Amino acid sequence: MRTHLKFPSVKGNVLPMVLLAIALIALPFALALIGTAWVRITNFAVLFVLLSLGLNIVVGFAGLLDLGYVAFFAVGAYVYALLASPHFGIHLPFWIILPIGAFIACIAGAVLGAPTLKLRGDYLAIVTLGFGEIVRIFMNNMSNPINITNGPKGIAQIDNFQVGPIDFGKSDLLGGLIFSGPIKYYYFLMLALMVVVVINGRLKDSRIGRAWVAIREDEVAAKASGINTRNIKLLAFAMGASFGGLSGGMFAAIQGFVSPESFVLNESIMILAMVVLGGMGNIWGVIAGAVLLSFLPEILRYTVEPVQMAIFGKMWIDPEVLRMLIFGLALVLTMRYRPAGLWPESRHRREMAVVPVK
Amino acid sequence: MTQEVDVLLDARGIGKRFGGVHALKDVSLTIRRGEIYGLIGPNGAGKTTFFNVLTGLYQRDSGEISFDGKPLTLESPHTVAAAGIARTFQNIRLFGNMTAMENVMVGRHVKTHAGVFGAMLRTKAERAEEAEIRRRAEELLHYVGVATHANSLAREMSYGDQRRLEIARALATEPKLLALDEPAAGMNATETASLRVLIEGLRADGLTVLLIEHDVKLVMGLCDRVAVLDYGQKIAEDIPSVVRSNPKVIEAYIGTATH
């Protein structure tokens, strides 16, 4: 009788699920026909979905506004980069590094969480924002006196995933289909996504998940009900951060290069926007938000220029400017007309609904 | 007839200041196992302050509390809840956007153990515990009489039902002492009457209840013993009929004619 979590149930919903699965399996090949760039764009979209689901634990479940989430992404990415590149000459396999990265990010999450436990709302946002910047600046400056992160130049030539004889950096021909590197990463990301979605759903509907929501709803009452709010909040930070670290590791491998520039405040805000736009707390909403916000800028990037050329015969507005303008407008409109997100958690939807005055 | 008194809670010399205000001065009281103990007093007498000290929300400045034969550490509300004191709030504090069922399930937190890994792997132990939490929560919803609203959001329930739900959530922690902060506040006569039946039922089931209440009629009719606070000090503690005729109590409530 787990009523509030509406996972598409297996019973009676088999056909749409099978169709969705087939579509997702076929997707990278269809995209490859348009251009490999689109497979890469899709991969980054899935990475952002993973990040949003991690942040959703902190912001959506526990209600802790975290503006420095990208720091954990950075930690995961740098752990991967340092342990699988010529920078230190260490080349560990990915299945060892990814858990290490997630674990170190998890510790970082708890370290960030500890000083913020007494803070709420705006104050918490400011402190976490500061933490995000500190991590980035650390990465930028840890090239002296001992060169650990290679500073602003970043770390290049990061190893690709390797599963037995399959190298994710090369193309393979299998059954007449070309499995390019990005396509292989796509399948790996999809696998990771499935695991993360299941874990998220299970956490939400557990003793710990209820404690998170209880803290979000009323911290004093949560304490009085016997919840050790300090530990449970730290747990939210740590869990969210470990998902960030995991995504970071995959990002480093896919990109083959990491530098502090990838982990600016903008990224944190973008991930937060995905969570809020999609619908805080609702796993499917968060996924929808992340997919939408990842693709929208890319689609605009590829359409703004041709459309202008077709209409005006010349470039009127710089594509980059117009892209951000449309993007911002879409966000504002969504928040105006769907304040609880595109696909809100049922309880948020009711919370945000306008209550008629009696 | 001498009977050995079974003391559940023994507070001695509790003091609490807020800046220059002496909210509690050397308050000592003992609550016996199985009784309904009333704490009354005019507005600002320090009832809620005492309550908040007792439940770990405020840190006391002086005094000791022993509970169930052990000294009670009051460092944090959750340790107090774990020790066996559950409370409700004067202004109802439910988890508004959770269902009634979930609210009570949260109350089971302190008596259960499943962690993150149990939840992620959904182990056998975790599933068994979840089923037990749910079963217990259902039972409690029935007990307080709001089972029909199990899947309603807490904040969409009626005022009286919210009070009951808050009691169910407190009961979920399996307390030895249930502390109710003005449970009848804002209730109409019918709701108060049925609340009274509920509290009497709790005592019949062996629970000890500490009741803060403005409704003197309810307190006098319901409580086995009553303490009266005035200006942060205890001015009386006895059975209701004695307290009622105590001149100090009458003075505190009505004031004196002559000075």
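As the structure is a prediction and not an experimental result, all values here were calculated from the model. Within every chain, numbering begins at 1; the chains are lettered A, B, ... in the order of the sequence lines, protein sequences first and strands thereafter.
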Atom group of [X] that falls short of 4.5 Å from chain B, counting heavy atoms:
X	answer
Val195(A)	neither
Ile227(A)	both
Ile215(A)	neither

#### Entry: Derivation of the side chain to side chain contact (heavy atoms under 4.5 Å, CB included) call for His78(B) and Thr229(A)
CA-CA 8 Å; His78(B) 76 263; Thr229(A) 51; 5.7 Å; no
Chain A: which of [options] shares the most heavy-atom pairs with it under 4.5 Å?
options	result
Val110(B), Thr55(B), Leu57(B), Val116(B)	Val116(B)
Met105(B), Arg169(B), His109(B)	His109(B)
Glu166(B), His113(B), Arg108(B), Arg87(B)	His113(B)

Please name the pair of heavy atoms, one in [X] and one in [Y], separated by the smallest distance, quoted to 0.1 Å.
X	Y	value
Ala221(A)	Phe89(B)	CA-CE1, 4.1 Å
Ala81(B)	Ala224(A)	CB-O, 3.6 Å
Val106(B)	Ala214(A)	CG1-CB, 3.9 Å
Phe95(B)	Asp218(A)	CE2-O, 3.5 Å
Met120(B)	Ile199(A)	SD-CG2, 3.3 Å

### Task
Give a yes or no on whether the backbone of Ala119(B) and the side-chain of Arg202(A) come within a donor-acceptor separation of less than 3.5 Å.
no
### Query
Taking Arg207(A) for the side chain and Thr112(B) for the main chain, is one N or O donor matched with an acceptor at less than 3.5 Å?
yes
### Message
Quick check: do Arg155(B) and Glu217(A) have side-chain heavy atoms less than 4.5 Å from each other?
### Response
no
### Task
Take Val80(B) and Lys223(A) through the test side chain to side chain contact (heavy atoms under 4.5 Å, CB included) and record every step on the way to the result.
CA-CA 9 Å; Val80(B) 173; Lys223(A) 275 185 194 168; over 6 Å; no
### Message
Go through it in stages, so that I can follow the logic: the residues are Arg210(A) and Glu130(B), the test is salt bridge (Lys or Arg N to Asp or Glu O under 4.0 Å), and I'd like the CA-CA distance, side-chain angles, deciding distance and then a yes or no.
### Response
CA-CA 11 Å; Arg210(A) 281 190 300 272; Glu130(B) 275 291 296; 2.9 Å; yes
### Task
Might you confirm whether atom OH of Tyr143(B) has over 12 heavy atoms from other residues, nucleotides or ligands at distances under 6.0 Å?
yes
### Query
Above 12 or not: heavy atoms from other molecules or residues under 6.0 Å from OH of Tyr187(A)?
yes
### Between CZ on residue Arg122(B) and CG on residue Leu203(A), distance to nearest 0.5 Å
9.0 Å
### Task
Begin with the C-alpha distance, continue with both residues' side-chain angles, and end with the deciding distance and a verdict on side chain to side chain contact (heavy atoms under 4.5 Å, CB included) for Ser206(A) and Glu126(B).
CA-CA 9 Å; Ser206(A) 73; Glu126(B) 195 266 352; 3.9 Å; yes
